[in-house]
Amino acid sequence: MKTLIELQNIAKQVRRDIVRMTNKAKSGHPGGSLGCTEFMTALHFNIMNADPARFTMEGRGEDMFFMSNGHITPVLYSVMARRGYFPVDELNTFRFLGTRLQGHPSTAHNLPGIRMASGSLGQGLSVAIGAAVAKKMDGDNSLVFSLHGDGELEEGQIWEAVMFAGSKHVDNLIATVDYNRQQIDGTTDQVMSLGNLQAKWEAFGWQVVNIANGNDMQQVVDGLNAAKALTGKGKPICVIMKTEMGYGVDFMQGTNKYHGTPPSDEELAKALAQLPETLGDY
Amino acid sequence: MIKIPENIAMKDLRSGFGEGLVEAGRRNPNVVGLSADVTGSVKMDGFAKTFPERFVQCGIAEANMTGIAAGMSLNGKIPFLGGFAEFVTGRIYDQIRQVVAYSNKNVKVCGSHAGITLGEDGATHQTMEDIGLMKALPNMTVLVPCDANQTYNATLAAAEHNGPVYLRYGRPKMPNFTDINEPFIIGKAQILNEGSDVTIIATGHLVWEAIQAAIALEKEGIGAEVINIHTIKPLDSEAIIASARKTGAVVTAEEHSLYNGLGDSVAHVLAANCPTPMSFVAMEDRFGESGTPLQLMEHFGLKSSNIVNAVHKVLKIK
């Protein structure tokens, strides 16, 4: 369990990792990664009960996490490495031929911590439900977490899954929506209005927890702990977490420009000047 | 002469699946069933009644069902997801690709009502493309048993096999002629009749038609070797090459599109290893239509008489 300051320091280093990884790979998705840095850090270091040193695919008695918005691997891999799933130096290999750190999460390369491929959007909630249902069948009281982009909610399968989990009372599941209101072709309002998200999830039988600022570490920790306290009460939990795409780097923030575009060398230098090295670069 | 048991009963392959699934559930407590509102139609009701705590009703949502099955497989469950073949393959191809095949999960995709013999419901429900879709996926094993008994055994074999499986079978009652006690060995071709003039390689419902064709050909003095390929992938290339070398002419027969089915797989093996004149009995490049199963098999040229004609054709170029 980390203190708030420790979590914040990890998040600062993770942001450095994100811009360095995507710059070196000359590809990848820094925007959403920067926006979800507090969430990913809090989840892996303080919220989830999972031991990186003893990772198993089965995950019996452990909490599980599925990242349905598979494109934000920079933040996932950085946090996993910093958490101890694999050596931090391996972040150098992100997206290069032969790497375990595939552009989108893969089980084909035996990277500890990854249980399912994602990248084709809209599928991770169903997977998380399956894992949660299987845990219930086995009398395993641990939890299943998932993360989704808000644009991803345009996929129909998400709503099949939302309906299932509400109907079948999958109450050992916490699904978080990265509500950054940005997607590739513009804002979510321009592309496809999400409407009243909270009312939509509630109408399907979910309990909703809001995090007003998902880039405030204290709010993220409190929100996820509040969500955990609501499990086991007959309803699946949805955390609607408002974030800023690109948070932490002033010129990358609040725009969709860096959704799938890495920083150039000049931009990297500017970004790193804003991001202190707290744990040591890989 | 081909030995066929007397008084062959008629039985639907999907019932073989349903009974096999109950037996698989008895043998292994990790076997779970998932259905998308067609539980009775695809004969999963026996499993649902016998093991209600291991059955998941997913509603009319095949994509979600696939993700749930993949998630359930993580802690050692062996999920069998069932539905109409079109709706558990073509409809959700990308889901199967990402969370079953690419993620290499121990999920069994079970497609009932496959092919033209689905019958009166028409082309929306008659998949003739599913074998091609599924065999194109790395990690996927593709099983197409030929009768109810073999479907029963294929279901048990799928449960014991660790990895993604597509199990394909049909709706109507068909001759149930294989031995229920004969174990299903994945990847092993079955030579049902030995002959030296031509090889007929068939799968699914067309295996029975191939046997009938061989009987008719024997009366003409043509010795047809009949091979049942119940595993499209991995394909028993060795058995196919050996028979082609022996007879020098090959006819394939399947209730599937001419493209990407058994015929393509066999042609690929032979072209690369033992170029052999071939002829194909399969669905032309078109969609099906409403009719009874028998009418449709006749209409689209999937009967024993069509196999006999294909043999005559290939023997002319042998």
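No experiment lies behind these values; they were computed from the predicted model shown. The sequence lines fix the lettering, A, B, ..., with proteins before strands; numbering per chain opens at 1.
For A:Ser126, the parts lying near chain B are the backbone and the side chain together; criterion is any non-hydrogen pair under 4.5 Å. For chain A, the nearby part of B:Glu62 is the backbone; its heavy atoms alone come within less than 4.5 Å. Looking at B:Ala69, neither its backbone nor its side chain comes within 4.5 Å of chain A, counting heavy atoms on both sides. Both the backbone and the side chain of B:Gln98 come within contact range of chain A, each with at least one heavy atom under 4.5 Å from a heavy atom of that chain.
For B:Arg54, the CZ atom is densely surrounded, since the number of other residues' heavy atoms within 6.0 Å is greater than 12. No more than 12 heavy atoms of other residues, nucleotides or ligands lie within 6.0 Å of CD in B:Glu238, so this atom counts as exposed by the packing criterion. Dense packing is recorded around NZ of A:Lys136, with more than 12 heavy atoms of other residues, nucleotides or ligands lying under 6.0 Å away. Under a cut-off of 6.0 angstrom, the local environment of NE2 in B:His268 is sparse, with at most 12 non-hydrogen atoms contributed by other residues, nucleotides or ligands.
In this structure, NZ in B:Lys105 is found 9.0 Å from CZ in A:Arg115, a value given to the nearest 0.5 Å. Rounding to the nearest 0.5 angstrom, the gap separating the CD atom in A:Gln123 from the CD1 atom in B:Ile68 is 12.5 Å. If you take CG on B:Leu74 and CE on A:Met116, they are separated by 4.5 Å, rounding to the nearest 0.5 Å. The line from CG of B:Asn75 to CE of A:Met64 is 6.5 Å long, rounded to the nearest 0.5 Å. Atom OG of B:Ser73 sits about 9.0 Å away from atom CE of A:Met57, to the nearest 0.5 Å.
When all heavy atoms of B:Glu53 and A:Met137 are compared, the closest pair comes out as O-CE, 3.4 Å. Here the closest non-hydrogen pair linking B:Tyr102 and A:Pro105 is CE2-O, 4.5 Å. Contact record, B:Ser103 with A:Ala117: OG-N, 2.8 Å, taken as the closest heavy-atom pair.
The shortest side-chain heavy-atom distance between B:Lys77 and A:Asp138 falls under the 4.5 Å cut-off.
Put simply, of A:Ala131, A:Ser120, A:Ser167, A:Gly124, the one with the most heavy-atom pairs under 4.5 Å next to chain B is A:Ser120. Ranked by heavy-atom pairs under 4.5 Å with chain B, the list A:Lys168, A:Arg60, A:Glu160 is led by A:Glu160. The candidate with the highest count of non-hydrogen atom pairs below 4.5 Å against chain A, out of B:Arg97, B:Met65, B:Gln57, is B:Gln57. Ranked by heavy-atom pairs under 4.5 Å with chain B, the list A:Ala108, A:Ser118, A:Ala128 is led by A:Ser118.
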